[in-house]
Enquirer: 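This structure is in structure tokens; I'll ask about it shortly.
What you see is a predicted model, and the numbers here were worked out from it, not measured in a lab. By convention in this document, chain letters (A, B, ...) are assigned in the order of the sequence lines, proteins followed by strands, and residues within each chain are numbered from 1. Hydrogens, waters and symmetry mates play no part in the numbers below; they use all other heavy atoms, side chains included.
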Number of protein chains: 4
Amino acid sequence: MSTNNKTNRQKDMSFIEKARRAQIIECAIETIVEVGYAQASLGKIAKRANISKGVISYHFLNKEELLEQVVIEYYLACHSFVYPQIEVLTSPKDMLQKYIEAHLTFADKNRKHVFAVMEIVSNGRTSDGKLKFATDHDENIFQPIEDILRLGMREGAFWEFSAKSARVIALTIRQSIDGFSIELMRNPQINVKEYIQELVTIFDKATRK
Amino acid sequence: MSTNNKTNRQKDMSFIEKARRAQIIECAIETIVEVGYAQASLGKIAKRANISKGVISYHFLNKEELLEQVVIEYYLACHSFVYPQIEVLTSPKDMLQKYIEAHLTFADKNRKHVFAVMEIVSNGRTSDGKLKFATDHDENIFQPIEDILRLGMREGAFWEFSAKSARVIALTIRQSIDGFSIELMRNPQINVKEYIQELVTIFDKATRK
Amino acid sequence: MSTNNKTNRQKDMSFIEKARRAQIIECAIETIVEVGYAQASLGKIAKRANISKGVISYHFLNKEELLEQVVIEYYLACHSFVYPQIEVLTSPKDMLQKYIEAHLTFADKNRKHVFAVMEIVSNGRTSDGKLKFATDHDENIFQPIEDILRLGMREGAFWEFSAKSARVIALTIRQSIDGFSIELMRNPQINVKEYIQELVTIFDKATRK
Amino acid sequence: MSTNNKTNRQKDMSFIEKARRAQIIECAIETIVEVGYAQASLGKIAKRANISKGVISYHFLNKEELLEQVVIEYYLACHSFVYPQIEVLTSPKDMLQKYIEAHLTFADKNRKHVFAVMEIVSNGRTSDGKLKFATDHDENIFQPIEDILRLGMREGAFWEFSAKSARVIALTIRQSIDGFSIELMRNPQINVKEYIQELVTIFDKATRK
DNA sequence: AATGAATGAGCATTCATTCAT
DNA sequence: CATGAATGAATGCTCATTCAT
């Protein structure tokens, strides 16, 4: 199992190994934020970390693995932050509200990391040109919102939209969350609390009976 | 003034010149869609156009100008398509609905071009690392929606949201329009008409009294 | 047909293109002879040619193609030199003698090229580690000698060796020809005429009734 | 003297030291056979031995010494195997026959080692580009055959070839022995006994009165 | 108006070697 | 004894750009 694999692998890593990888990942994130995905070379990442390029190759199989690690770390951290807050809730309305609030809070607290992940996810392609993270995204990102929407519909908490409606609403919510991260980069002094409140209101109105 | 400059320049162009530029722009779009912004080199664009790399340099100052041209062409075409449809309307509600509908229709009819522009806008950076199209975007893209929202608020067509609310709503609408283009690439067989209807409904609910 | 392809390709090449390729191939040969296969980098080849590394990439798809071209050029030149001399003969004994003599003469006149080809053929591997030119060698190199041997056997010109004997004799002759090129590099002042005579004698004795 | 040096050095080695060196040498051989001289890096050798790269550097001065050791070990083992078999003979004819037979038998029983040595000997160069093992080869390899040939000539066992003939015959015999190893790699299911017989016959015919 | 040719910087990656622990 | 960590040079290759023709 891949999760298990991962755990074992990390267990097997020495403290120094983990620290170096963390440092490199951190510098990769900062480099991507600063110069953008296309210009973020291993050389620039190494320079930022004050290490030689070879060190990155020593700790990561290749550039791909490094960037994947940035993405994976985000998925895990984001999931760990968001889902405990949702699972304790019972009302779909509250769950949707918390979903938005938690994701925006996470994006706010991890601005660079989240922005870097979006750069990687939207630019990372396989050698045949296809977007690498497209399917993962689909399954792991949209599904949970749709689940909440469907639950709410069954319980009569939302207006009676169709399955297709649910999908579009889910997409729109996700886009507004990702869009928030972008807006945060362009406009760092945003009042986050207010933004959250606005977004919650918008989707409360959009879904309520 | 830049607009004037532009016009003069285009006037001065021969028919062949314009045709070549159009062909190159077309191929640039297709290349970006196919391999992504980071991998879209002048070499690949030239190969797709069956011309030598030098031709591109001959017709465009540099890569930057070519990509800018892709974006500018989009802005002009999109504006020409959307605004005549809005300007004939008087009700803010109708205007908002038409704004969404027209943009989605345009994105559907110009899938590749719109997707390419998004790639360029979200990746294009100046040599100091800053996003090149960030401010243009702000002024040309968000303002019109905010105008509609403000108008509707003054006329009592929408609930009484604040200026900040208006901004968030505008952002969310734009994000949902851009997100539609991305979704269209991932999932080309989407029922566009339905999608438009869903989105119109969402933002009608989100803004109505 | 590959030969035809080749011809067409070369026909399509401009004079300059052909000259550059020839120059690069020449420098590749000299570099390989001077520093050996493993140390013959594109950088060193470019430096010897007083051109930038990029020029090589411009004229050849990659290093592999360049080295293959060195080999192919040799095969064609060697074949053109050797076979006309053999085809006019009717006696298998004479043919074998001429085979040896012509190959050694060619190797003598094209010392560097032949040595370089041997370096490439004996070191060139595919990404899975297998020798790249092994099979070509088999078919194009050993077959002709075996043909002569078989013909001679049928005509009673040689002693009645078996098919397996023929193969070992063919191998041994080839090895002595390739070995001559290596010896020529180690010991450039060899008296080639004498060497040829000795080798002809050895294999005349080894095959005669 | 280097031999003495060597002996002292090996005497000083602990059991573990010797075992480690043997293991590393073994893995170096296998790596060279599998991927070729140019691609046989210390990293790959270490991976095959399940040790860290540093271990190799610890036990060997550098890559050069490791490869030299592979060659030296072969020289010693080959010599120990071949010469006792020859020294007991008195007839030059028998000695030549045994020389061929013993070398081919050794090459058969130590396929990988012998092939690796040939890769090293034909590729190993000093920093100034000259073949490292060229002279060693000359002295240790060709001399013994020439000795047998000269002896046989003095005794009237062979036809009366000149000194130069003797050298070419010696070269040809060595080339056929080395060539056998290469053929063995390309074609591992060769009938070795038969091959030996064929080669013995060839050079018996080539040298007899 | 177009092209082929060349450049030189930059890219990801591999490598032999060194060294502190 | 052995290792993990790091280095810095070198490798093959791609790229945007320039320029003579």
Enquirer: When rounded to the nearest 0.5 angstrom, what is the spacing between NZ in A:K130 and OG1 in A:T135?
Expert: 12.0 Å
Enquirer: Once you round it to whole Å, what is the distance between P of E:dA5 and CD of C:Q23?
Expert: 13 Å
Enquirer: Please determine, for the side chain of C:K63, which listed nucleotide (F:dC13, F:dT17, E:dA12) has the closest atom?
Expert: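 Closest nucleotide among those given: F:dC13.
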Enquirer: Can you tell me how far C1' of F:dC15 sits from CG of B:N62, to the nearest Å?
Expert: 14 Å
Enquirer: For A:G54 and for B:S57, locate the closest nucleotide of DNA chain F by heavy-atom distance; then report the residue assigned to the nucleotide nearer the 5' terminus.
Expert: A:G54
Enquirer: So if I apply the salt bridge (Lys or Arg N to Asp or Glu O under 4.0 Å) rule between C:R21 and each of C:E65, C:E73, C:E26, which one comes out positive?
Expert: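 Single salt bridge (Lys or Arg N to Asp or Glu O under 4.0 Å) partner of C:R21 among C:E65, C:E73, C:E26: C:E65.
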Enquirer: Return the value, rounded to whole Å, for the distance between atom CD of A:E65 and atom P of E:dT13.
Expert: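 Going from CD in A:E65 over to P in E:dT13 covers 11 Å.
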Enquirer: Which one of D:R48, D:K44, D:K112, D:Q39 satisfies the side-chain hydrogen bond (donor to acceptor under 3.5 Å, both in side chains) criterion with D:E34?
Expert: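 The option that passes is D:R48.
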Enquirer: Watson-Crick or G-U wobble partner for F:dA20, using a 3.5 Å limit on both distances?
Expert: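 By the stated definition (distances under 3.5 Å), E:dT3 pairs with F:dA20.
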Enquirer: Is B:K53 near enough to F:dT18 that one of its side-chain N or O atoms lies under 4.0 angstrom from OP1 or OP2?
Expert: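 False: B:K53 side-chain N/O out of range (4.0 Å or more) of F:dT18 OP1/OP2.
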Enquirer: Is there a side-chain contact between C:F60 and C:I25 (heavy atoms, below 4.5 Å)?
Expert: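 Result yes, sub-4.5 Å side-chain heavy-atom pair found.
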Enquirer: Answer yes or no: is there a donor N or O on one side and an acceptor on the other, between the side chain of A:H113 and the main chain of A:V70, under 3.5 Å?
Expert: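 Side chain of A:H113 to backbone of A:V70: a pair is present.
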Enquirer: Starting at CD1 of C:I16 and ending at P of E:dG4, how long is that distance when rounded to a whole Å?
Expert: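 Roughly 12 Å, once rounded to whole Å.
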Enquirer: OP1 or OP2 of F:dA2 less than 4.0 angstrom from a side-chain nitrogen or oxygen of D:H59, does that happen here?
Expert: yes
Enquirer: Can you tell me if C:R20 touches the phosphate of E:dA6, counting only side-chain N or O atoms and a distance under 4.0 Å to OP1 or OP2?
Expert: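 Affirmative; the distance criterion is met.
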Enquirer: Using a cut-off of 4.0 Å on non-hydrogen atoms, how would the nucleic acid contact of A:I51 be classed: base, sugar-phosphate, or nothing?
Expert: sugar-phosphate
Enquirer: Round to the nearest Å and state the distance from A:I45 atom CD1 to E:dT13 atom C1'.
Expert: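 Value for this atom pair: 14 Å.
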Enquirer: Between atom OH in C:Y37 and atom P in F:dT11, what is the gap in whole Å?
Expert: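 Taking atom P of F:dT11 as the reference, OH of C:Y37 is at 14 Å.
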Enquirer: Look at the side-chain N and O atoms of A:S41 and state whether any lies under 4.0 Å from the OP1 or OP2 oxygen of E:dC11.
Expert: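 True: A:S41 side-chain N/O within range (under 4.0 Å) of E:dC11 OP1/OP2.
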Enquirer: How long is the line joining NZ of B:K44 and P of F:dC13, in whole Å?
Expert: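 Rounded to whole Å, this separation is 15 Å.
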Enquirer: With nearest nucleotides of DNA chain E determined for B:V55 and A:G43 from heavy-atom distances, which residue corresponds to the more 5′ nucleotide?
Expert: B:V55
Enquirer: Could you please name the option among E:dA1, E:dA16, E:dA5 that lies closest to any side-chain atom of B:E17?
Expert: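 Of the options given, the side chain of B:E17 lies nearest E:dA1.
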Enquirer: Taking only N and O in the side chain of D:Y58, is any of them less than 4.0 Å away from OP1 or OP2 of F:dC1?
Expert: no
Enquirer: Rounded to the Å, how far apart are B:I56 CD1 and E:dG4 P?
Expert: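 That distance rounds to 13 Å.
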